[in-house]
Amino acid sequence: MTHDKTIARKVYLRGLIEFSNICHKSCYYCGIRCDNKNVERYELTDDEVLNAVDFAWRNRYGSVVLQSGERQSPLFTERITTLLRKIKEYTHNEMGITLSCGEQSEETYREWFEAGAHRYLLRIETSNRELYYQLHPKDDKHSFETRIEAIKNLKKIGYQTGTGVMIGLPFQTEQHLADDLLFFQNMDVDMVGMGPYLEHKGTPFYRYEYLLLPLEKRLELTLKMIADLHRLMPDINIAATTALQVLDSEGREKAVFAGANIIMPNITLPAARVNYQIYDNKPGIHHDAEQTLSALESRLRQAGIEIAYGEWGDSDHFNNRSLAKS
Ligand code: SF4
């Protein structure tokens, strides 16, 4: 592994809690799309989520990420609001919270922000409109414009806002990827989570499997994108995604050396993890949170990467922008 001495090798941990795989959308590439009837749907209870939060808190993770499929309903909005308040109260406001629950109305985003979420991830998956509609049905539920509007709303409300793309998609060109980097810059986002496209056999997009780049090429492209993004936007937070680990057991560490500074260990109950497979061969689905953490800690230690325990690890880009405004 080559080491770039200009990159700070300190990472922040976000405990990832995949609290529900129920989704009302049907993105063509996704294993948990609503039309995939082979998936057993689940929703963790508040207590189960709080148990995972407790694990993260005791192990001095600075933040958790609450992730689910996309649903828009008053009941869902209220459930998340209550959950956010419970987490804040339980951890005496010590735990930072990132949400990743898809497109919602501006009011809903605002309600969740006021209840304690301060970061939000909403991946665009590709910034190219034509490619977007090769990945998604062209209907009201999957509008490219609505997604961009949602990212803008998150920023307006005051969230640290993240987006991201898949890399190595069939039909994706190098120009698309270069445009993705410019999209991040033009949207002035605070965080990016981008990873290799990994196929799922039970999805419509799998029919283009014959167009896929070899795994090594997808890894190489992803690491290059991370390095280029780090040069373009050096003060944003960049995630070393779990998908990288599928391509290379040292994939996440390599991403850190390319410029990533966020790792999101999965702390969801193993019984639920098996049903949250957006792509095939997701790593660690049978491990519990303790095993995931100790394996990760020792890997990072071996690679000479420091973990920033107990820190929220907010995006410097966001902090710098807030300072400039004040
Ligand atoms: S990618 Fe997200 S919104 Fe699309 S089907 Fe999968 S979980 Fe639902």
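One-based numbering, in listed order, for ligands and for the atoms of each.
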I need the single residue from K254, R299, R218 that forms a salt bridge (Lys or Arg N to Asp or Glu O under 4.0 Å) with D248. Which is it? K254
Salt bridge present between K25 and E125 (N-O < 4.0 angstrom): no
For residues 129-142, which residue pairs pass the salt bridge (charged side-chain N to carboxylate O under 4.0 Å, His left out) check, not counting sequence neighbours? R129-E145
Looking at atom 6 (Fe) of ligand 1, would you say a protein heavy atom lies below 4.0 Å from it? yes
How far is atom 1 (S) of ligand 1 from the closest protein heavy atom, and which atom is that? Y29 OH, 3.4 Å
Number of protein N, O or S atoms [distance to atom 8 (Fe) of ligand 1 under 2.8 Å]: 1
Just wondering, are more than 12 heavy atoms of other shown residues or ligands nearer than 6.0 Å to CG in L211? yes
Do H200 and N36 pair up side chain to side chain, a donor and an acceptor below 3.5 Å, judged on atom types alone? no
Residue from K156, K155, K152 passing salt bridge (Lys or Arg N to Asp or Glu O under 4.0 Å) with E106: K156
Relative to the ring of H118, is the ring of W312 parallel (under 30°), tilted (30 to 60°) or perpendicular (over 60°)? tilted
